[in-house]
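Below is one structure, written out as structure tokens, with a few remarks after it.
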Amino acid sequence: MRCLEIDVDFYRELNVFLMKKHSKIMQDDLEWLTDSLNDEQAFLMRSRSLEDKRLALFKGLGIADKRLSELAEEAPEDFRPKLNMLAKQLTELITAITELNAKTTEMVKRKLDSEKEIVDQTGIVNKPQTYDKNASKVAGGTSSAKVMRQV
């Protein structure tokens, strides 16, 4: 049960972080999003660690192949209400996170499509090349690369 309580606490914290991230994406708060990359990486690492520990524990107890609902049904009567509550909370949190991730992904896709359309309309990508891959100036003027080679 303690393992499941830890999972519920973790997913609750992750859900709050992802809601904030979703909000910051809506606000185009690139500074917050950039600063939050380390936090997001930490959540990912914690998630993997918790899942590895849970799998090891459940395997050691011989219940690795059981669903959470099955565990609650087979648990002693005194533990069933708490296990059912934890299972319900965990399911709700994972569902909420999955839905939020889908909405966030769709929102980012729409924003990127909009930016691509602006770039296409303005022709920014089709501007004439000024420098080649050797840093030599292509269109008029003196190339700083040529000057550097002469020195």
Side-chain angles (χ1 to χ4, degrees), residues 1-136 138 144-145 148:
M1 267 201 283
R2 183 66 187 132
C3 177
L4 296 174
E5 289 170 340
I6 290 169
D7 282 351
V8 167
D9 290 342
F10 169 76
Y11 284 109
R12 190 174 288 127
E13 187 180 340
L14 177 61
N15 192 41
V16 169
F17 173 80
L18 292 174
M19 286 189 297
K20 187 170 186 176
K21 177 183 172 185
H22 183 85
S23 172
K24 296 298 183 174
I25 290 171
M26 286 175 53
Q27 298 167 7
D28 292 325
D29 189 343
L30 296 179
E31 185 176 335
W32 185 91
L33 291 166
T34 301
D35 292 344
S36 72
L37 289 176
N38 287 337
D39 294 336
E40 192 161 3
Q41 185 66 30
F43 274 111
L44 179 61
M45 291 169 40
R46 263 179 62 204
S47 169
R48 286 183 185 152
S49 174
L50 287 172
E51 183 63 7
D52 289 346
K53 289 176 185 174
R54 186 195 66 76
L55 287 172
L57 174 65
F58 281 26
K59 185 176 179 181
L61 294 172
I63 57 174
D65 297 332
K66 302 233 182 217
R67 298 179 54 87
L68 198 48
S69 58
E70 292 174 315
L71 293 176
E73 290 170 7
E74 296 173 8
E77 190 68 37
D78 294 348
F79 295 103
R80 286 183 193 163
K82 178 120 184 187
L83 281 173
N84 283 324
M85 179 192 71
L86 290 169
K88 183 179 180 214
Q89 287 176 346
L90 201 54
T91 301
E92 288 171 355
L93 284 165
I94 290 171
T95 300
I97 288 169
T98 302
E99 290 172 0
L100 183 58
N101 278 337
K103 287 177 188 176
T104 301
T105 300
E106 180 58 32
M107 180 176 49
V108 168
K109 183 183 178 314
R110 280 194 317 266
K111 284 179 175 276
L112 290 173
D113 287 347
S114 174
E115 292 298 321
K116 182 184 179 310
E117 187 176 318
I118 291 169
V119 168
D120 289 347
Q121 287 176 358
T122 59
I124 293 171
V125 176
N126 299 325
K127 297 285 185 205
Q129 187 176 11
T130 307
Y131 293 91
D132 65 14
K133 66 181 179 180
N134 297 318
S136 298
V138 174
S144 58
M148 292 297 286

- Message: Between Asp113 and Arg110, does any NZ, NE, NH1 or NH2 come within less than 4.0 Å of an OD or OE carboxylate oxygen?
- Response: no
- Query: Taking only residues two or more places apart in sequence, or in another chain, which ones meet Asp78 in a side-chain hydrogen bond (donor to acceptor under 3.5 Å, both in side chains)?
  - Reply: none
- Query: Distance from Arg12 atom CZ to Leu90 atom CG, nearest 0.5 Å?
  - Reply: 10.0 Å
- Task: Using atom types as modelled and distance alone, determine if a side-chain donor or acceptor of Ser23 lies under 3.5 Å from a backbone N or O of Met19.
- Result: no
- Query: Less than 4.0 Å between a side-chain N and a carboxylate O, is that true for Glu99 and Lys103?
  - Reply: no
- Above 12 or not: heavy atoms from other molecules or residues under 6.0 Å from CE of Met107? yes
- Message: I'd like to know whether Arg80 forms a salt bridge (charged side-chain N to carboxylate O under 4.0 Å, His left out) with Glu77, so could you lay out the CA-CA distance, the side-chain angles of the two residues, the decisive distance to 0.1 Å, and finally the verdict.
- Response: CA-CA 5 Å; Arg80 286 183 193 163; Glu77 190 68 37; 2.9 Å; yes
- Report the distance from atom CZ of Arg2 to atom CG of Leu86, rounding to the nearest 0.5 Å. 10.0 Å
- Item | Side chains of Glu106 and Lys109 in contact at under 4.5 Å (non-hydrogen atoms) | yes
- Item | Side chain proximity check, Ile63 to Glu70, heavy atoms < 4.5 angstrom | no
- Message: Please enumerate all residues that pass side-chain hydrogen bond (donor to acceptor under 3.5 Å, both in side chains) together with Glu31, with sequence neighbours excluded.
- Response: none
- Show your working on side chain to side chain contact (heavy atoms under 4.5 Å, CB included) between Lys66 and Phe58 and close with a plain yes or no. CA-CA 9 Å; Lys66 302 233 182 217; Phe58 281 26; over 6 Å; no
- Message: I need the single residue from Glu73, Lys88, Met1 that forms a side chain to side chain contact (heavy atoms under 4.5 Å, CB included) with Leu83. Which is it?
- Response: Met1
- Note on the structure: Rounding to 0.5 Å, atoms OG1 (Thr98) and CG (Asn15) come to a distance of 10.0 Å
- Item | Spacing of OG belonging to Ser47 relative to CG belonging to Asp7, to within rounding of 0.5 Å | 8.5 Å
- Exam field: side chain Ser36 to backbone Leu33, donor-acceptor pair closer than 3.5 Å: yes
- Item | Closest contact, heavy atoms only, Ile97 versus Tyr11 | CD1-O, 3.6 Å
- Can you check whether Trp32 reaches Lys20 side chain to side chain, under 4.5 Å on heavy atoms? yes
- Query: From Thr95 OG1 over to Leu100 CG, what is the distance, rounded to the nearest 0.5 angstrom?
  - Reply: 12.5 Å
- Task: Using the side chain to side chain contact (heavy atoms under 4.5 Å, CB included) rule, take Leu4 and Leu68 through it: C-alpha gap first, then chi angles, then the decisive distance, then the call.
- Result: CA-CA 10 Å; Leu4 296 174; Leu68 198 48; 3.4 Å; yes
- Note on the structure: Output for pair (Asp9 CG, Leu93 CG), nearest 0.5 Å, gives 9.5 Å
- For residues Phe43 and Phe10, report the shortest heavy-atom separation together with the two atoms involved. O-CZ, 3.5 Å
- Report the C-alpha separation of Glu115 and Lys111 in whole Å, then their side-chain angles, then the decisive distance to 0.1 Å, and conclude whether the side chain to side chain contact (heavy atoms under 4.5 Å, CB included) test is met. CA-CA 6 Å; Glu115 292 298 321; Lys111 284 179 175 276; 5.6 Å; no
- Pairwise side chain to side chain donor-acceptor pair (under 3.5 Å) hits with a residue in residues 52-64, at least two apart: Glu51-Arg54
